[in-house]
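In what follows, a single structure is set out as C-alpha cells and then discussed.
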Amino acid sequence: MDDARRDELERRTRHQPEAVEARLFERWERECGFSGEPESDRERFVIPLPPPNVTGELHMGHALNGTIQDTLMRLRRMQGYDTLWICGTDHASIAVHAVIEKQLRAEGTNRFELGREAFIRRVWEWRRATGATIIQQFKRLGCTLDYDHERFTMDEGYVRAVLEMFVRLYGKGLIYRDNRIVNWCPGCGSTVSDLEVRHEHAADALYEVRYRIAGTEDFLTVATVRPETILADTAVAVHPDDDRYTHLVGKTAIVPIVGREVPIIADEYVKTDFGTGALKITPGHDPNDFEIGRRHGLEELSVIGFDGRMNDAAGEFAGLPVAEARQRVIDRLFDEQLLVGEQPYEHEVGHCDRSGDRIEPLISLQWFMEMQSLAAAANAEVRAGRARFIPKNQENIYFHWMDNIRPWCVSRQLWWGHQIPVWYCPDGHQTVATETPEACAECGSAELERDPDVLDTWFSSSLWPFATLGWPEPTERLAVYYPSNVLVTARDIINLWVARMLMMGLEFMGERPFSDIYITSIIQAADGRRMSKSLGTGVNPLDLIDRYGADGTRYGLLKMSSTQDVRFAEGMIDEGGKLANKLWNASRFVLLKAEADASPSPEAATVEDRWILSRLAGTTDEVLRLLEGYEFAAAVKALYAFIWNDFCDWYVEASKSRLYGDDAAGRRSVSSTLLWVLERTLALAHPAMPFVTEEIWGFLPGDRAMLLVSPMPQPELGHRDRDLDEQARADQEVVSEARYLAGRGTTPQVIAAPGFLFRDLLERIPGVVIVDDVDAAASSVVAAEDRASLEAKLAEAIAERDRATAKLANEGFTSRAPAQLVEAEREKAERYAAEASELERRLNGS
RNA sequence: GGGCGCAUAGCUCAGCUGGGAGAGCGUCCGCUUCACGCGCGGAAGGUCACAGGUUCGAGCCCUGUUGCGCCCACCA
C-alpha cells in the first residue's frame, strides 16, 4: 500500500456510506456491468424483477424485495453463474389513469374532452418526462439489475407479445366475448377482475318484503339488502326440499312496485336457514342470481347503469343514485304495506381495490378468458414440485384460488394499455389479428372498427418472464435465460400475478417460468398497522439509506425478513449501519497494522489461529447454506456474530500481542492470518452488504478484480474443529469472569488448563494470577483472596455434579435418551466432580 | 365463513428434527485501552399469553381458550 492510501485509511476513522456508495455503484456499472453473457456457457441464474408500476416510488416492500433479490444475484454471480436480473416497469393502466386524469381535472378538463389519441400522447409525454424514477431508486439500494435492457410493458416489442398472446388464446377458444355479470367500478368507469375487489365491512339493513302469489291473497316473504334491485327481479327462488314452500314452486309471484309476474323456482343454492328461506332473483345485479338465472333460463334485466345511477328501465326511479333509489323503494314498499321487516345487518361488500368505490355487479358485454385448463396445468406443475413455494405453506393461497378458478374478465374500459386486437365490421363479425386488418375476415367488409377496450394490466404482466426476453421472436436471450430460477414477491400478488405467470409460461413456453417462488415477509409499521402512504404509516427506504447507508438498510431488511408479518424495527437497520462501521474499522486495523509484506494466508501458528480459522470455515459454510436456503435473517445474524464477536472482540484483540511483539516471524504469521480472515469475510458479507465490503476490498494488497465479480470462497472445512469452538466458548467465559472479579477489586486467580485460548487477554487483566495446571480438565477462575466466592463455586460445582448424577440415576432418561446425550451427561458429572474436588483441595490448602 | 401466521427480557425479534432461555436496542456500573465512543469491559432484567395433555424431560409436540396481524370468500 502506498503512503497516500495509508494516509487515507488513517484519516477515515468512520465508514461514511454517503461518501462511497454512489461512486462504487458507478464503477460496478461501468467496469463490470450487469447484463449477463448469453454467449458464455456458464450455468445461468435468472431472476425476473416484479415490475413496479411506472407511477411508483420505492417503498418498503420494494426495498425488501430488491435487497433479497440482489443478495441472491450477488451470491450467484460470485459463485460463477452467468447472472441476469430482468429489469423494467409495468404500465399500470388504472394507476396511470388516476395520475393523468387528476392533472386533467386540475386543468378543468377530462379525458373525454381531450380524446383518446391526445390522452395517450399525454401519457407518453408524462412518462418520458418523469421516466421510471423507481428504477433509479433501486440503484441507491445497490441493486445489480440489467439496466441496459430495461423493459416496459408498453414498449413496442412487449405490445406485440401481448397481442400475440391474445390472438393465440382466442384461436384456441380460451378467450371469448360474452354478456356476463362483471364487477363494475363506477369510479373507474371500468370493469375490474374478482381479484381487484376488496371486501369491506358494511353496516346495512336486511329487509323483509312480501311478494304476492299470483291469483291468490297469499304472500311470499323474501329477505334482501338491496331493495332497489327488486325492480329487476325475474324470479323468486326457494330450496327444493323446503317444506314451507314446495307447494309454491311453479306458481307465479308478483314483483312489488313494478307488478311483473315472475316464476317461483326451486334451486339448491337457496339456504333454508337464512332470512325467510325465499330469495328474490336479480340476474342483472347479483353474481349468484346471475348463475341461478342462467341455470333456469331467466330474463336478465338491468336497472342500474354504468354511471352508478338507476337507468331508464327503473321507471320513476330513473336517474337516481343507487343509495337514494334504495330509500325511495323502501318508502314505497312501506306505503304499500309490503315491507314487513327491517333489521340491522352487517356484512362484507365488494369495493374497488383502486378507487374504493362500491362495486356494482352488472351484466355487460366483455372479453373473458377461460382459466380451468390453464390452471390445471399450472397446478400439476406445483403439485409435482417443479415450481415450489418457499415457504411451502404459501402454496395454500395459490391452490385455494386455482382450485376454484372462474373465468377472468380481461377487458377494461380504459385507454392506457394494450388495446384489444379485435376489429368489428358493421355486421358484427370479429376479426382478431396482431396487425390492423384490411378487411373483415368473414365478410370482407373494409369498414372495420377496433374494440375500444384495453386489457387488464395483469394480462400483460403474465408474460413478463419471457416477453422481456424477446418472445415471440426466438431470440438468443430467450433461449438462454428462460426459464428463470427464482421469483421473489409478496403474497398479495400470488394469484394476481404468480399464478398467471405460471399458466402463461406453461402455455406459451411449455415450461414453468421459474422453479422457486420465494414469498417475502410483509413489513408492517412499527405500531402493527399496515404500512401505507395514506395512513401516514409508511417509512421511506431512501430516508433510511440516507441515514444508515444502503448496507445498513439491506442488513436490517434481511434481518426483519424471518416471519410472514413483521413490524418495522429501525433498530435492525441501525445495527446494520453499525456493523458496516465495525467492519470498516476492523479492516483499517488489519490493513494498517499488518506487516507490509504479509499476504493473505491461513497460518495456524497458535491455538487462537486455529480457532478463528475453524470459526471462519464454520461461518462460511453456515452463511452460504442459509443464503441458498432463503434464510436471510439467520444468514445475516451469523455474519454479525462472526464479524463482531469472534473476529473483532476476540481474535483481533488476541492478535495484538503478536502483532505488536518483537518476534518478526510471529508478526508476519499473524498478519497473514488476519488478512486471510478479512479477505474471506468481505467476500462472504458482500451479497448482503455490498458497498462497505467493496470499499475495503479496494485497499487489500495485490491486484484484484472488484469484489462484485470475485469468487465466493468455499468453506474450508478442513479448518473446522468443533471441540476447539467449544473450548473457546468456555475459555471466553473464564476471561469474562476474571475481568468481572478484577473489576470488583479482587485478584482473580485462573487455573489454566493446557491449550488455554486468549492467554494474552487474560494477562492484560490487572492483578490476575495465572496458574498453569496440566492436570486440569477445564480452566476455571476464582478470586484468590475471596474465600467466600471459592465456597460458592464449590457449592455450585457440587450442585451441578449432583444434578447430572441424579439425571443419570433416572432410569427413564438413561433408557430413552439418545446415547450421546447420556454420554454428555456422564462427562458433565465427571467434570463437575473433578472441579469440586479441585476446589475442595484449594480451599483446604489456602 | 375458510386459510396462513404471531404472542419469549422494557422495545424489536432469534431459538434447528423436544435434552439446562439468546441477540440487538434501551437501562445501570466502569473505561480519553495505541481499529472503531456508531467504541471497550461488566451487570441487572424472562411463570417462554392462558388452561389441559403426551413424555424420563416441553418455549418447541397435541387439544382447547384469549388477544392480534394478514390473505381468501357469491348466504340474500
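Proteins get letters first, then strands, A, B, ... in listed order; numbering begins at 1 in each.
Listed nucleotides B:rG42, B:rC6, B:rG19 differ in distance to A:Thr563; the shortest reach to its side chain belongs to B:rC6. Which of B:rC72, B:rA14, B:rC38 sits closest to the side chain of A:Arg14 comes down to B:rC38. Distances from the side chain of A:Ser562 to the nucleotides B:rA76, B:rA73, B:rC13 place B:rC13 closest. In the set B:rA76, B:rA73, B:rA35, B:rA76 carries the atom at the smallest distance from any side-chain atom of A:Val225. Comparing B:rC72, B:rA35, B:rA73 by their closest approach to the side chain of A:Asn585 singles out B:rA35. Picking from B:rC71, B:rA73, B:rA35 the nucleotide with the shortest atom distance to the side chain of A:His199 gives B:rA73. Of the candidate nucleotides B:rC70, B:rU12, B:rA73, B:rU12 has the atom lying nearest to any side-chain atom of A:Ala569. With distances taken from any side-chain atom of A:Lys582 to the nucleotides B:rC4, B:rC70, B:rC40, the minimum falls on B:rC40. The A:Asp649 side chain lies nearest to B:rG41 when the options are B:rG19, B:rC71, B:rG41. For A:Thr13, counting side-chain heavy atoms from C-beta on, the closest listed nucleotide (B:rA76, B:rC36, B:rC4) is B:rC36.
Dashed line: the shortest gap from a side-chain N or O of A:Lys656 to OP1 or OP2 of B:rA35 is under 4.0 Å. Remark: A:Asn581 is not in phosphate contact with B:rG39, judged by side-chain N or O atoms under 4.0 Å from OP1 or OP2. A close approach under 4.0 Å does not occur between any side-chain nitrogen or oxygen of A:Arg547 and OP1 or OP2 of B:rC38. An OP1 or OP2 oxygen of B:rU12 is reached within less than 4.0 angstrom by a side-chain nitrogen or oxygen of A:Arg567.
Rounded to an integer number of Å, the gap from A:Arg198 CZ to B:rC71 P is 9 Å. Rounded to a whole Å, the CG atom of A:Asn404 is 14 Å from the C1' atom of B:rG1. Summarising the geometry, the separation between CD1 on A:Ile523 and C1' on B:rU12 is reported as 13 Å, rounded to the nearest angstrom. Across the protein-nucleic acid pair, A:Glu200 atom CD and B:rC71 atom C1' stand 15 Å apart, rounded to whole Å. If you take CD of A:Gln16 and C1' of B:rC36, they are 13 Å apart, rounded to a whole angstrom. One interatomic measurement links the two molecules: NE2 of A:His201 to C1' of B:rA73, which rounds to 15 Å at whole-angstrom precision. The separation between A:Phe389 atom CZ and B:rC4 atom C1' is 13 Å, rounded to whole Å. Following rounding to the nearest Å, A:Leu821 (CG) and B:rU55 (P) show an atom-to-atom distance of 19 Å.
In summary, A:Asp242 and A:Arg244 engage in a salt bridge, as defined by a charged side-chain N under 4.0 Å from a carboxylate O. A salt bridge is absent between A:Arg764 and A:Asp760; no separation between the charged side-chain nitrogens and carboxylate oxygens falls under 4.0 Å. A salt bridge does not link A:Glu395 to A:Arg491: none of the charged side-chain nitrogens sits closer than 4.0 Å to a carboxylate oxygen.
Not a single donor-acceptor pair under 3.5 Å links the side chain of A:His296 to the backbone N or O of A:Arg294.
The aromatic rings of A:Tyr518 and A:Phe632 lie perpendicular to each other, with more than 60° between the two planes, well past the 30° mark. Ring geometry, A:Tyr660 versus A:Phe589: the interplanar angle exceeds 60°, so the pair is classed perpendicular (tilted spans 30 to 60°).
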Per-pair distances, 0.1 Å, donor-acceptor, side chain in residues 193-204 of chain A, under 3.5 Å, sequence neighbours excluded:
unit_1, atom_1, unit_2, atom_2, d
A:Ser193, OG, A:Leu195, N, 3.4
A:Ser193, OG, A:Glu196, OE1, 2.9
A:Asp194, OD1, A:Asn183, ND2, 2.9
A:Asp194, OD2, A:Arg406, NH2, 3.2
A:Glu196, OE1, A:Ser193, N, 2.8
A:Glu196, OE1, A:Arg412, NH2, 3.1
A:Arg198, NE, A:Asp353, OD1, 3.0
A:Arg198, NH1, A:Glu200, OE2, 2.5
A:Arg198, NH2, A:Cys352, O, 3.1
A:Arg198, NH2, A:Asp353, O, 3.4
A:His201, ND1, A:Glu348, OE2, 3.0
A:His201, NE2, A:Glu346, OE1, 3.1
A:Asp204, OD2, A:His347, NE2, 2.8
A:Asp204, OD2, A:Arg358, NH2, 3.0

Listed pairs, N/O of protein and of nucleotides 24-32 of chain B, under 3.5 Å:
unit_1, atom_1, unit_2, atom_2, d
B:rG24, O2', A:Glu575, OE1, 3.1

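Pairs of Watson-Crick or G-U wobble type, with distances under 3.5 Å, assemble into runs of 3 or more in RNA chain B at these ranges: B:1-7 with B:66-72, B:10-13 with B:22-25, B:27-31 with B:39-43, B:49-53 with B:61-65.
A:Lys392 comes within 4.0 angstrom of nothing in the nucleic acid, heavy atoms only. When heavy atoms are screened at a 4.0 angstrom cut-off, A:Lys280 is found touching no nucleic acid atom at all. Nucleic acid contact for A:Gly629: none, since no nucleic acid atom lies under 4.0 Å from a heavy atom of the residue. Backbone-only contact: A:Ser736 has heavy atoms under 4.0 Å from sugar-phosphate atoms and none from a base. If you check every strand for non-hydrogen atoms under 4.0 Å, A:Pro818 touches a base.
Geometrically, A:Arg5 engages A:Phe699 in a cation-pi contact defined by less than 6.0 Å to the ring centre and at most 45° from the axis.
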Might you work through the side-chain contact (heavy atoms from CB on, under 4.5 Å) test for A:Tyr398 and A:Asn379, ending with a clear yes or no?
CA-CA 9 Å; A:Tyr398 166 85; A:Asn379 275 356; 3.4 Å; yes
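A donor atom on one side chain and an acceptor atom on the other are found under 3.5 Å apart for A:Tyr555 and A:Glu575.
Spacing of C1' atoms, B:rC48 relative to B:rA23, comes out at 16 Å, to the nearest Å.
Ring centers of A:Phe758 and A:Trp650: under 6.0 Å apart, within the cut-off.
Each of A:Ala634 and A:Ala799 has a nearest nucleotide on RNA chain B; the 5'-most of these lies closest to A:Ala634. Map A:Lys593 and A:Glu825 each onto its nearest nucleotide of RNA chain B; the residue landing nearer the 5' end is A:Glu825.
The two residues A:Val623 and A:Ala635 make their nearest non-hydrogen contact at CG2-O, 3.9 Å.
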